[in-house]
Amino acid sequence: MVDLKINTDKLEGFVSKAAIYSYQQQLVLHQETLLNKTGKGNDFLGWITLPDETDEAMLGSIMQDAREIAAMADIYVVVGIGGSYLGARAVIEALHHNFAGLLTKQERKAPLIVYAGNNISEDYLADLMDVLDRYDYAMTVISKSGTTTEPAIAFRVLRRHLEQKYGKDEACRRIIAITDKSRGALKNLADAEGYKTYVVPDDVGGRYSVLTPVGLLPIAVAGFDIRRFVEGARAMKQLVTTAKTMDENPAFLYAAARNAMYASGKPVEIMVNYQPSLIYITEWWKQLYGESEGKQNRGIFPAGVSFTTDLHSMGQYVQEGLRIIFETVLSIEKPKRDLTVPAETDDADGLNFVAGKRLHEVNRQAELGTLLAHVDGQVPNIVISLPQINEHTLGQLLYFYEFACALSGYLLDVNPFDQPGVEAYKKNMFALLGKPGFEKQTEELRKRLQ
């Protein structure tokens, strides 16, 4: 059963229903192209069948590793960048207690998950090692090649720290590598050192990898039910790969609606959440859509805001700035907790009118009021709603976004599965650092920076 719903009623007046539904025939063809693996980037379509192919043996192995890690570690370090950590972090942050870092391991019932290799900040990594000096920890390093700069540096530093803290043999037991099946620097190191490994499939790109061990292992170590997560993705896959009409297929409707907005002169999509725990869902979504669609001088620019917080900052621009924006609201119907506003005798702050109401009701009315204000301010809104946040609904949500992204990329006539532009900064960085083979570029770049 799929719980996710999508509502495009608040696009009326900006783009017609006929304009949205005009994509129907193209979407059916693109759906078939994806399933038949005949379109652009067809060598990276392994993610489509992951919900069906993630079997009990794989899940059982990951959960056993998670139990062993929980027994030995207070902290679990996930070393990776981009899709190698964002999917896992999105799910973990959404499910976690908002202040998990301040809870004890007994209260969390699982190790605290922290992240490295997603930046090159010296202060960040040094601060992390200050903490790791004081706690038992283990880690996973995630990289197909093992040579991606940010995680490779972090792993080199943390591996040395782990070996100095525990000795080489015990450090080996505390490291799991998730990498290529048969080649690459990390695979070779893992084989030489005897690290346990999981495979990143050749036909699954990083930003589509959350349903591989890349996402499943950290989610399991954090104490969450990866079976339910996969089941949610499986339910959504069944729907979006078979339903042939816009009214039945939420991925069709989302892909069509956002492309209709783009064609009408709205090139910026802002993902809106009203729960702080969903911030990393937005970050994962930004990478998925930005890296998939931003090519050939085209594509919708993905941005994100957290309301009501950002209504007191970005809210002014959204309400009255350039009219190039549409919003997609991720709406959660039921919170995890129950907290009401108390009454005060003197009512000095004038809030007794909400006394006795649950905070979620107040938040919900802020959401609805904002939606209407922004629509009145010429900012169209799409609403994606889930009944609640749990492993099953998050599995649905992430697979929905993935499939809709692939469809949307094909509507834009780009390859949604490559990222050639990512290499430009790397070449310049390597040249400026003096990497062998980049001598000519080094001289040219240094002249430009003078």
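Below, each value reflects all heavy atoms present in this structure, side chains not excepted, and no hydrogens, waters or symmetry copies. Since we're looking at a predicted model, the values are computed, not measured.
In this structure, K266 places its NZ atom where more than 12 heavy-atom neighbours from other residues, nucleotides or ligands lie under 6.0 Å away. A 6.0 Å sphere centred on CZ of R298 holds more than 12 heavy atoms belonging to other residues, nucleotides or ligands.
For K336 (side chain) and L95 (main-chain N/O), a donor-acceptor pair under 3.5 Å exists by modelled atom type.
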Identify all side-chain donor-acceptor contacts of residues 196-204 below 3.5 Å with residues at least two apart in sequence or on another chain.
from, atom 1, to, atom 2, distance (Å)
K196, NZ, S61, OG, 3.4
K196, NZ, D65, OD1, 3.2
K196, NZ, D65, OD2, 2.8
Y198, OH, S61, O, 3.3
Y198, OH, S61, OG, 2.7
Y198, OH, I62, N, 3.4
Y198, OH, D65, OD2, 2.5

Identify all side-chain donor-acceptor contacts of residues 226-243 below 3.5 Å with residues at least two apart in sequence or on another chain.
from, atom 1, to, atom 2, distance (Å)
R227, NE, E56, OE1, 3.1
R227, NE, E56, OE2, 3.4
R227, NH2, E56, OE2, 2.4
R228, NH1, E231, OE1, 3.2
R234, NE, P51, O, 2.9
R234, NH2, P51, O, 2.9
K237, NZ, D52, OD2, 2.9
T241, OG1, K237, O, 2.5
T242, OG1, Q238, O, 2.5
T242, OG1, L239, O, 3.4

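Looking at residues two or more places apart in sequence or on another chain, you find no salt bridge (charged side-chain N to carboxylate O under 4.0 Å, His left out) involving D127. Among residues two or more places apart in sequence or in another chain, the side-chain hydrogen bond (donor to acceptor under 3.5 Å, both in side chains) test is passed with T149 by none. Residues passing the side-chain hydrogen bond (donor to acceptor under 3.5 Å, both in side chains) test with E391, sequence neighbours excluded: none. Looking at residues two or more places apart in sequence or on another chain, you find no side-chain hydrogen bond (donor to acceptor under 3.5 Å, both in side chains) involving Q296. With sequence neighbours left out, the salt bridge (charged side-chain N to carboxylate O under 4.0 Å, His left out) criterion links K40 to D413. Here K286 pairs with E283 under the salt bridge (charged side-chain N to carboxylate O under 4.0 Å, His left out) rule; sequence neighbours left out. Not a single side-chain hydrogen bond (donor to acceptor under 3.5 Å, both in side chains) links Q25 to another residue, sequence neighbours left out. Taking H360 as the reference, Q275, P335 meet the side-chain contact (heavy atoms from CB on, under 4.5 Å) condition, with sequence neighbours excluded.
Under the salt bridge (Lys or Arg N to Asp or Glu O under 4.0 Å) test applied with E361, the options R364, K357, R358 reduce to a single match, K357.
Within the structure, ring pair (Phe, Tyr, Trp, His ring centres under 6.0 Å) pairs that include any residue of residues 64-114 comprise Y85-Y115, H96-F224 (at least two apart or interchain). Residues in residues 14-24 take part in these side-chain hydrogen bond (donor to acceptor under 3.5 Å, both in side chains) pairs, two or more places apart or across chains: Y21-D247.
Side chain to side chain, S408 and N259 meet the donor-acceptor criterion of an N or O pair below 3.5 Å. Side-chain contact, Q64 with E68: a donor N or O sits under 3.5 Å from an acceptor N or O.
Side chains of L27 and N249 form no contact here, defined as non-hydrogen atoms less than 4.5 Å apart.
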